[in-house]
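Heads up: the structure comes next, in structure tokens.
If you're wondering where the values come from, they're calculated on a predicted model, not measured in any experiment. All values below come from the heavy atoms of this structure, side chains included, with hydrogens, waters and symmetry mates left out.
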Amino acid sequence: MLNNRRNFIFRVSIVINIAVLLYAAMHLSSNSTPGVEWVPITVDGSERSAEFRYINREEIHNDTDTRPPESSVRNFEESTSQKTPSTMPTTNKTASSTASIPELEKKIISALPEIETSNSTVLEIDDEDALNPATLTYLRTLLGCNDKDMLPQTIQRGEYWVLKNFVRADHGFIQCHESITYTTHAGFEFLDNVQPLVERWMAPVSLAIHAPGADMGPTVNSIRYLRDCLGNELIKQYVTFHVFFSHKNLPSSIPNPDSFLQTPYNCTAKPPYDVNANSTYMKAKSLLYPVNVARNIAREAAVTHFILPSDIELYPSPNLVPRFLNMIARNAKPLSTSTRPRVFPISIFEVGAKAQVPSTKNELQGMLTNKTAIPFHKFVCPNCHNIPQGQQWMTAPETNQMDVFHVGKRRGKFVHWEPIFIGTHQDPYYDERLSWEGKKDKMTQGYILCVKDYDFMILNNAFLIHKPGIKHYVKNEKRDKIAGKQSLFIKSVIMPQLKTLFGTRNGCAL
């Protein structure tokens, strides 16, 4: 009887949401009023009903009042992707055109038979490591995202040519709500990391490979080897490869995937990516690695609503995808009560070169105790990955479901934090003028997140492990020189631009 009641409440919630959204869509063509912003948002409660809020442009401003008048409203519009679908239309409406929406919802509810309510969640999740049909249906309604295609395209992006969806995963069409895409990047010499990453992620991966000049040949052969020679179908199933290069370093020829994928690769030879990193075309020509171009290419090509932009040498804890989406579907506090834009940072660690990569938080905690695991970059840049409540996270016991452990901010002692997080396509992109060699390549995005007052909802049981091997700081005079120039460029050029575009906020810095 209780299950029937819960199922009925769930159906009612869907009907209410659809009715309200259809009503709102009828008014999208109405005349606008300059001083009022119409924004779809959601409110607390297991039935996730919809309401509409009027935002006065003059009431929204940052702490220092240095932002241009329109920028505050623009930032709020972008931030709503964390509370409601990133693809939902946001438009100006007059008060009279939407004032009756709460009344409409009340009429719909009053027309339904009275049902005894319960404090328990509507969704029954028996297995946190899987997504049942009811959860997927609810996520579709909750996120309201738009599906995307995976068509191959050749695109010019500044000085770079991009072969988007060059080799596509075999998973076929994926709806935007039903998974998370791990978006990452590499040169071909780092592709040995693809297999351990995919074996733990078990979900879509969008991988951008920098292949200038003669690096194109081993890049294509590496893709073929990964797909044909590893003894399973996981990389074929999940990984979509994109290739890019500068017009200044155009390959002599570009193999056609429709042709080379028809011929099985010769798996008796050693992996094409098993090379000395200094032997690549990129190193021979002393090219800088365009890390943020790569990050943005992989991210833009992802077809899911949620994405995890990360590095290829960071291996995720298993079952992260279903556990995260089940958490989103449960919509418990602080998710249901949050009003700010938000992302979901993941704690990062390193392990010894001969250590087994942990699969559970309990295993990780044991390794932290015996010092075979340490916080990421502890001996390189500890402040860059000093996560809020990090010590408490490491000692907190593992639970049977994913939840938000702590809501932090990128300011105070964490002002230089470079979080890696699950977010959406609406979050700030990476500045493509910055190279990996120049360092601080993610700091500009972090500053924007801070100015926009993002909440960093740190996940309780999820973690990333760097490819085994503890990293230590090694002085590199050549790189230090490049880093000095890039640091000056950020300070003198990029920061003034960011302050003009996004304003400032007390406590936010690069």
Side-chain angles (χ1 to χ4, degrees), residues 41-46 48 79-86 119-123 125 127-129 131 135 138-139 142-143 177 179-180 182 203 304-310 314 316-349 360-362 364-365 375-376 385-414 417-424 426-427 446 449-450 452-464:
I41 66 168
T42 51
V43 295
D44 190 12
S46 60
R48 196 69 174 178
S79 76
T80 58
S81 67
Q82 312 305 322
K83 302 186 287 296
T84 56
S86 61
N119 291 329
S120 60
T121 180
V122 171
L123 288 175
I125 300 173
D127 184 359
E128 290 291 334
D129 296 338
L131 294 167
T135 299
Y138 190 68
L139 283 169
L142 182 65
L143 300 179
H177 66 284
S179 193
I180 307 172
Y182 193 106
T304 55
H305 177 77
F306 287 111
I307 53 178
L308 172 51
S310 186
L314 295 178
S317 51
N319 298 311
L320 196 158
V321 172
R323 291 183 181 188
F324 177 85
L325 292 177
N326 279 324
M327 177 192 74
I328 294 296
R330 281 195 301 272
N331 197 37
K333 293 180 179 179
L335 300 180
S336 59
T337 56
S338 97
T339 58
R340 298 183 182 93
R342 67 198 184 197
V343 290
F344 301 87
I346 300 176
S347 301
I348 315 174
F349 300 89
T360 67
K361 187 176 181 181
N362 285 336
L364 172 61
Q365 288 173 321
F376 187 54
H385 297 278
N386 183 20
I387 190 167
Q389 295 282 311
Q391 289 298 322
Q392 292 87 336
W393 188 98
M394 287 187 281
T395 58
E398 184 172 17
T399 61
N400 61 4
Q401 68 182 38
M402 190 172 291
D403 289 297
V404 174
F405 176 77
H406 173 71
V407 180
K409 292 290 186 180
R410 188 187 181 271
R411 53 180 179 242
K413 63 184 293 187
F414 307 105
W417 181 27
E418 288 186 309
I420 289 181
F421 53 79
I422 295 174
T424 74
Q426 296 302 308
D427 301 322
L449 293 170
C450 182
K452 290 190 169 192
D453 201 22
Y454 265 69
D455 282 339
F456 293 84
M457 296 190 172
I458 299 161
L459 301 173
N460 63 343
N461 297 325
F463 55 86
L464 295 164

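Identified under the salt bridge (charged side-chain N to carboxylate O under 4.0 Å, His left out) test for residues 320-329, with sequence neighbours left out: Asp129-Arg323.
Residues satisfying the side-chain hydrogen bond (donor to acceptor under 3.5 Å, both in side chains) criterion with Ser310, sequence neighbours excluded, are Tyr182. By the ring-ring contact (aromatic ring centres under 6.0 Å, His included) test, Phe463 is found to be paired with no residue, residues two or more places apart in sequence or in another chain being considered. Every residue two or more places apart in sequence or in another chain that forms a side-chain hydrogen bond (donor to acceptor under 3.5 Å, both in side chains) with Glu398 is listed here: Asn362. Remark: Lys361 engages no residue in a salt bridge (charged side-chain N to carboxylate O under 4.0 Å, His left out) (not counting sequence neighbours). Scored by the side-chain contact (heavy atoms from CB on, under 4.5 Å) test, Phe414 finds Asn386, Pro388, Trp417 as partners (sequence neighbours excluded). Judged as a side-chain contact (heavy atoms from CB on, under 4.5 Å), and not counting sequence neighbours, the contacts of Pro318 are Arg200, Ser359. By the side-chain hydrogen bond (donor to acceptor under 3.5 Å, both in side chains) test, Thr399 pairs with Asn460, Asn461, sequence neighbours left out. Every residue meeting the side-chain contact (heavy atoms from CB on, under 4.5 Å) condition with Ala462, not counting sequence neighbours, appears here in chain and number order: Ser317, Leu320, Ile346, Met402, Leu459. His406 is linked by a ring-ring contact (aromatic ring centres under 6.0 Å, His included) to nothing, counting only residues two or more places apart in sequence or in another chain. For Asn326, there are no side-chain hydrogen bond (donor to acceptor under 3.5 Å, both in side chains) partners two or more places apart in sequence or in a different chain. Every residue two or more places apart in sequence or in another chain that forms a salt bridge (charged side-chain N to carboxylate O under 4.0 Å, His left out) with Glu128 is listed here: Arg330.
Between the Arg410 side chain and the Pro419 main chain, no donor and acceptor come within less than 3.5 Å of each other.
For the residue pair Asp427 / Tyr454, a side-chain donor-acceptor distance below 3.5 Å is found, with atom types taken as modelled.
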